[in-house]
Every structure is written in structure tokens, then in C-alpha cells.
Amino acid sequence: MSKLLLFHTAHSTPRIHPRTFTSILSRPLLVPSLSKCHSPISFFASISSPALHPHPHLQRQNFSFSFSFSTRAFDDSSSSAETQNEKAEKIGSQSGAKFEAEDYPSGEVEYEKISGWRSFVVKFKMLIAFPWERVRKGSVLTMKLRGQISDQLKSRFSPGLSLPQICENFVKAAYDPRISGVYLHIEPLNCGWGKVEEIRRHILNFKKSGKFIIAYIPACGEKEYYLACACEEIYAPPSAYFSLYGLTVQASFLGGVFEKIGIEPQVQRIGKYKSAGDQLTRKTMSEENCEMLTSLLDNIYGNWLDVVSSSKGKKREDVENFINEGIYKVEKLKEEGLITNIHYDDQVISMLKERLGVQKDKNLLMVDYRKYSKVRKWTLGLAAGRDQIAVIRASGSISRVRSPLNAPSSGIIAEQIIEKIRSVRESKRYKAAIIRIDSPGGDALASDLMWREIRLLAESKPVIASMSDVAASGGYYMAMAAGTIVAENLTLTGSIGVVTGKFNLGKLYEKIGFNKEVISRGRYAELFAAEQRPLRSDEAELFAKSAQNAYKQFRDKAAFSRSMPVEKMEEVAQGRVWAGRDAASRGLVDAIGGLSRAIAIAKHRANIPQDRKVTLVELSRPSPTLPEILSGVGNSIVGVDRTLKEVLQDLTFSDGVQARMDGIVFQRLEGLSNATPLFSLIKDYLSSL
């Protein structure tokens, strides 16, 4: 259900200014999005997405948006569409039109057994390893996959799971002679399908080592089962919660509510799929929005049915019929062969002890995710080659500079990313670079500055963009500067469109007895200040022209970056959100795959043989560090009042284009929630509105 929050500034005088909203955005899902220009009130919307987080009780996630635009933010050129076409054709002829006819390397991992001299070296390295790297022979790697999974590296001081470390643990365990197998506890996940696909790929790669991998699923929805069915065996307790009922997508509309309370949203939207203003003005879903959401849902659900049916050796129709029966009994899942057996956790451990020849009165040797993450690849003889590829990770909402409200190392700070990009460009160490993106967008000026730096980097060495769960709006803006874009099947991307408007609160003011008078100079001075009346015809015309101009700049720069004629880009723009596979078929993405395929393409571009080892240099440091945590605690104790004011200020006074997606402000509050319970209370209060 959508939730709409209308915030006011923290002034003692009764200033009620509506935030003018404009979004040059990507809307990687179904949610209406708004934005702001220069008035002191912000409109903020959030929506829970069952389509992306289908577990009805345990996987709900809020998606929040706040947007604005500046006509100067996208391009330093005033080129016409014809000029852009000429540029695109020229670049296309020089670069092979984004290498459309080229077969990209798959990046598929082949397991190579360590033997002979290498085996002796590995044993010696394990003998001299640090104490925290020592694991007893015959151990089972246990990992509990649940909750949020970050695309960033995590430090020892940081709670939660890290996708890079999860994947690396699978690789290390496959080659580690001390590890007998993997025991996964899979519980409700709070991440997108892109990360789930990456983890599943590493499970399948691990199985090539010949070691066992077992899944235990006490609470399971579609996403959890998608991972579990990649394992050799699946176990569940008798009282397990299974919610394999299918997927839904929802959108709520406030047109009728605003009509009753006297608020008139005046919206100009560009792009027939740009439904960001629909939530405010409509009472039902538009045909175009329904078409887009249906397509996204079909992609996710169809992919799930295909993968599950293939993994369990069943027909797709049989799996779909089973889901439609509304099964809730675990026994039925066993009868249909969807799980191996019904066991409690201790029974599964006893079974593993018997399999590994461990006496009943002895404990099963196990090593958990955190401890095993400390084991270096070098200890296992997995040290890579001399050729280096830089990896720059960009996760979260995009800001130009870090504000005092930002938790340390949270989000994408453009000035920090630019510094890393420049260091890669100026260094001769790196043969190529991978920009790993997991972002719903943010500040468009910041996105444009990073776009420019990535383009400059791509002129000197190969640059590959690797998309995770979502790379839309500012996230796609960054990606399209790379020479090659790699996305997962269900990565949410695209969405090039504009919506602009403001609220007319005249009738509301009349109902509550509030009055506002404005003295102005200049024909359009009251454009953002006078919310007590509707737009004049000339003001509405200016709004429409500004939106059209901003949309053309956004679209034309995307066409230029993708070496695509503007007319063709127009067909895939129009504010539409695409799943990765559909984006690839329309030229917005070059290849489907995960980070391993991005590495293979980077090697190919850098003329490095595919069988040669490379060293991946992570330029993003693990976060947060201990000093950052201590700093955050200190700031929360001393500056609670200041921080609360900055929460409201961030909602109302942000400069530049805001093309944001899921949970921007809520993520910030969550990032500070460990420092003081007050932030949790604020978050809960905002969520309840």
C-alpha cells in the first residue's frame, strides 16, 4: 500500500509552502515519484512492493522517492535531435554500434582441482596462516542468508551480509581442502532479484567442486525458494512457513483524497509511461502504467517458474498449477518433490555428522560466515595474476557531497566516486575498470558529473558497468557512460522520463482559515511561491516547456551514450522501466550476467587471455570503520536536535535534480538507528503515516 508523507519546515511562523515537484527519473518500479525545485516544502512518497519482495509477512520493503530537476543538469550542449543523431551514427560506425554483433565471453566459472605442487604450497600456507584463518579439516561452512544484503564490502564492525563476501566465501570453500561442504540457512531476504541471481550463480558454481551444499528453509517465499532449489538438498521443519502463492504488484491513488480535502495537483508529465503524477491526479491505473507493471511482473514470475521447474525437473505448467492450489502444508511440498525431507535443524546436523563419519557424541565441525570471511584467498592458493582490474562499487542514493545527515560511507557520494575514477584513469596499474552499480538514482547533477568522469576513463581503458538489483535514473545515468553494460535478467533499469507540477492549496487554505499574500517582482516570480492559487496559463506553459526541454536533454544524452539514434531511444524511453533482459533486447544493456561476466568482458576488452588470472582491486573500502562508528555515536548523542532538523531540511531544501527511488530517507534513518533508539522511533512514526 502506498504511503504519502507531506512534510513542513520547522519554522515557528506558519509558512505552508508546497514543494514544486519535477522528476527526471527512473522509476524502476511501479511507484509514483515526485520532486522539487526551490520552494521549502517537499512531497515524499513511498510504496511497498510485493512484486520485488513477495513474502506477504516478512519481506515488505518501502520505496521512497523525492525528485526535482534543473535544465542545466544533464548536458552542456544545446544540440538538436538531428545533431545528436549525427553524433550517434558517427560513434556507432567507429565503435561497431556498441558491438551489437559481438559475442561476449560468458564468464562461466570452471572448477580446477588443486593437486601436485600447488597442493603442497596450499598446505604450507594454511600451516603458517594467521590464527583467525585456521579452520579444522572436515569443517562445514554455515551461512545464514537473511535480511538485507549489501552490494558493498563490510568491515568487521558492520552488521548484516555483504554480497561480495558471500560470493567470495563460496569460491574459497570450493577450493579449501578443509571444507567438506556448505550448510545454508535461508530465511526471508530483503534484497532485489539481482543479488539473489548472483548468489544462486555462485551456489551452482560451488557444486562443480563435488562438495555437498544443503539448504534449510524455516520460512520461505518465492525468493528464498529460488535460492534453495539451486542446492542439492532442501530441508524444512514441520512447522515451516511457506508462502509460495505467487507475486503481486500494487499501486494506490490519491486523486479522490486530494479532491475531498481541497488539494489540486497540477501535473505535467512527459512520456506515456511516466505515471509518477498518476498517484496524485488519478483514481485508477492508466492503461500504460498497467502495461508496464504487468510486463515487469510477468518477467519476474515467468523467470521464477522457469528456473524452479528446470531445477526440480518438472514442467512449468505443473509448478504453476501447484502454486495455484494454495499449498501451505510442508508435507505436500515433500510429496511433490519440492523439498527433500522434513527435518529440524538438529536432525539435519545429525545427518551431516553421519555423512561425514563424525561420532554421535562429537560435535560437527562448523565455521560460520563471519569467521570464514577472514580467510584470505592467498591462504588457499587463489592469489590472482599480475594484471589488475579496478572495481568501483556505487551503492545507494546519489548525492553530490556528503551531508552531516549521511551515515559514514552510506550512499553514493559523487566527489568520492570521482576521486576513485580519476585515480584509476591516472594510474598505469589497471588494465580495465568495472563500475558496480546498485542505485535507484538521486541527484542528477552528481550523476552527470560522474557520467563525465566515467566517459573520460573509458577513453583511456576499458570500462564495464555491472548492474545489481537496480540501476535506474541516476544509476543508469552512470552506467550508460561505460563501454559495455552488463545486467542481471531482472535488474530494474531504464526509465527515462519527466514529470513536473505543483500543488494548488487554495481550497485547503480556505477550509482551515489560512491566508497567504505574496508581493513579487517579475512575471514568473510566483511560480514556486504562490501555492494558494492555480497556475496561470502562461505559468503552466512555462512548466510544460521546461519539462519538455529537460526530457529532451535526458533522452538525447542517453541516445548519444548508447550510440543510438534519438528516434530509437524515444521508443524505449517514455518513462518506461525495463527488466534487464528486455533492456538488453532494446539496446539499453549489452549483456546479461553478473560480476563474473563483467570481469570476463573486461579481460576481453583489455586483451587479457580468458585463462589468465587477474587481480581485482576493490577501491571501495569496507564500511563502516570503527572510527566512523564512534563518530556516528558521538554525533547522535551531541547533535540529535540538529540531525532531526537536517532530516526535514533534506526533504525540503535539497538543490538540483532529485531522481530517486527506494527508501532514500528511511535508509538514512536506518543507518543511524544503531546510535540511538530515537531514530528508530522517528522511522516507525514516518512509516505509520
Side-chain angles (χ1 to χ4, degrees), residues 26 73-77 87-88 91 94-95 98-99 151-152 388-401 411-468 470-487 491 493-494 496 553-554 556-564 583 587-591 595 598-599 601-602 605-606 616-620 657 659:
S26 150
F74 288 90
D75 203 351
D76 55 359
S77 168
K87 289 182 180 179
I91 294 176
Q94 292 174 346
S95 62
K98 283 288 177 186
F99 307 96
D151 207 70
Q152 294 279 14
Q388 296 185 6
I389 296 177
V391 179
I392 301 174
R393 295 184 181 272
S395 300
S397 62
I398 299 173
S399 304
R400 192 166 59 88
V401 296
I412 301 172
I413 311 301
E415 62 180 6
Q416 296 177 357
I417 297 294
I418 288 173
E419 183 180 347
K420 293 181 176 70
I421 294 171
R422 287 177 178 173
S423 69
V424 174
R425 188 174 80 238
E426 295 166 0
S427 175
K428 296 182 180 179
R429 294 170 50 197
Y430 307 113
K431 298 294 182 67
I434 295 174
I435 312 294
R436 176 72 174 178
I437 302 171
D438 185 25
S439 173
D443 189 296
L445 172 59
S447 303
D448 185 63
L449 297 177
M450 290 186 288
W451 175 88
R452 173 64 177 173
E453 293 296 330
I454 296 172
R455 294 252 339 158
L456 292 175
L457 175 60
E459 292 176 1
S460 61
K461 56 192 67 179
V463 179
I464 313 300
S466 173
M467 296 178 172
S468 185
V470 56
S473 187
Y476 185 75
Y477 206 131
M478 295 174 63
M480 68 188 190
T484 306
I485 300 177
V486 182
T491 294
T493 189
I496 302 169
Q553 290 187 34
F554 196 1
D556 293 352
K557 179 162 282 189
F560 173 77
S561 299
R562 296 299 298 162
S563 304
M564 186 184 296
L588 297 177
V589 168
D590 296 300
L595 185 61
I599 294 169
I601 295 174
R605 288 278 182 264
L616 298 181
V617 181
E618 294 274 359
L619 298 185
S620 302
V657 181

To the closest 0.5 Å, what do you measure between CD1 (Ile464) and CD1 (Ile434)?
7.0 Å
For the residue pair Ala446 and Ile398, what are the closest heavy atoms and their distance?
CB-CG2, 3.7 Å
Can you tell me if Lys557 uses its side chain to pair, donor with acceptor, with the backbone of Tyr477 under 3.5 Å?
no
List the atom of Ala471, the atom of Ile437, and the distance in Å for their closest heavy-atom pair.
CB-CG2, 3.9 Å
With sequence neighbours left out, what residues match Arg422 under salt bridge (Lys or Arg N to Asp or Glu O under 4.0 Å)?
Glu453
With sequence neighbours excluded, residues passing side chain to side chain contact (heavy atoms under 4.5 Å, CB included) with Ala583:
Thr493, Trp578, Leu588, Val589
How many angstroms lie between OG in Ser447 and CE in Met480, if you round to the nearest 0.5 Å?
9.0 Å
Taking Ser460 for the side chain and Leu457 for the main chain, is one N or O donor matched with an acceptor at less than 3.5 Å?
yes
The criterion is salt bridge (Lys or Arg N to Asp or Glu O under 4.0 Å); which residues satisfy it with Arg436, sequence neighbours excluded?
Asp151
CD1/Ile418 to CD1/Ile413 distance, rounded to the nearest 0.5 angstrom?
11.5 Å
Let me confirm one number: the CD1-OG distance from Ile392 to Ser466, rounded to the nearest 0.5 Å.
13.0 Å
Any side-chain heavy atom of Val617 sitting closer than 4.5 Å to one from Val391?
no
Say whether, by atom type as modelled, one donor and one acceptor occur between the side chain of Asp590 and the main chain of Ile485 under 3.5 angstrom.
yes
Are any side-chain N or O atoms of Ser439 and backbone N or O atoms of Gly441, one a donor and one an acceptor, separated by less than 3.5 Å?
yes
Nearest heavy-atom neighbours spanning Tyr430 and Lys461:
O-NZ, 3.2 Å
Could you state the interatomic distance from CD1 (Ile412) to OG (Ser397), rounded to the nearest 0.5 Å?
7.5 Å
Within 6.0 angstrom of Glu618 CD, more than 12 heavy atoms from elsewhere
yes
Look up atom CE in Met450 and atom NZ in Lys420, then write down how far apart they are to the nearest 0.5 Å.
11.5 Å
Take Met467 and Tyr476, measure what side-chain contact (heavy atoms from CB on, under 4.5 Å) needs, and give me the verdict at the end.
CA-CA 9 Å; Met467 296 178 172; Tyr476 185 75; 3.6 Å; yes
Does either side chain, that of Arg429 or that of Gln388, offer a donor lying less than 3.5 Å from an acceptor on the other one?
yes
Quick one: list whatever passes side-chain hydrogen bond (donor to acceptor under 3.5 Å, both in side chains) with Lys431, sequence neighbours left out.
Asp387
Arg400 meets the salt bridge (Lys or Arg N to Asp or Glu O under 4.0 Å) criterion, sequence neighbours left out, with none
Go through the steps to decide whether Ile454 and Trp451 satisfy the test side-chain contact (heavy atoms from CB on, under 4.5 Å), and finish with yes or no.
CA-CA 5 Å; Ile454 296 172; Trp451 175 88; 6.0 Å; no
List for me each residue that meets salt bridge (Lys or Arg N to Asp or Glu O under 4.0 Å) alongside Glu415, sequence neighbours excluded, and say none if there are none.
none
Determine, step by step, whether Leu449 and Arg452 satisfy the side-chain contact (heavy atoms from CB on, under 4.5 Å) criterion, reporting the C-alpha distance in whole Å, the side-chain angles of both residues, the deciding distance to 0.1 Å, and the verdict.
CA-CA 5 Å; Leu449 297 177; Arg452 173 64 177 173; 5.8 Å; no
For Ser468 and Thr491, which heavy atoms make the closest approach, and how far apart are they?
O-OG1, 2.7 Å
Pairing residues for Ala432 by the side chain to side chain contact (heavy atoms under 4.5 Å, CB included) criterion, not counting sequence neighbours
Ile389, Pro462, Ala602, Ala606
